[in-house]
Amino acid sequence: MFQHSIPEAGIQIPEGTVKPEENTYNAVIREIEEETGLKNVDVEATCTRLLGK
């Protein structure tokens, strides 16, 4: 999840499919790495910061 540099694009969320042998959290981490190249992302902190919750 990241804030796009073009304001009209809003918050972007990498997407993908959960593989049968992986849990949802690991799928989120894998998709972030595959689609953005980012590593060691703190998913909870990022969501909290972007969504303000």
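The basis for the numbers below is simple: all heavy atoms, side chains too, and nothing from hydrogens, waters or symmetry mates. Keep in mind it's a predicted model, so treat the numbers as computed, not measured.
At distances below 3.5 Å, not a single donor-acceptor pair connects side-chain atoms of E31 with backbone N or O atoms of V28.
Hydrophobic cluster membership differs between V18 and I29, with clusters built from Ile, Leu, Val, Met, Phe, Trp and Tyr side chains linked at under 4.5 angstrom.
Annotation: N40, atom CG; neighbour count of heavy atoms from other residues, nucleotides and ligands within 6.0 Å does not exceed 12.
With R30 as the partner, the salt bridge (charged side-chain N to carboxylate O under 4.0 Å, His left out) test is satisfied by one option alone out of E35, E15, E22: E22.
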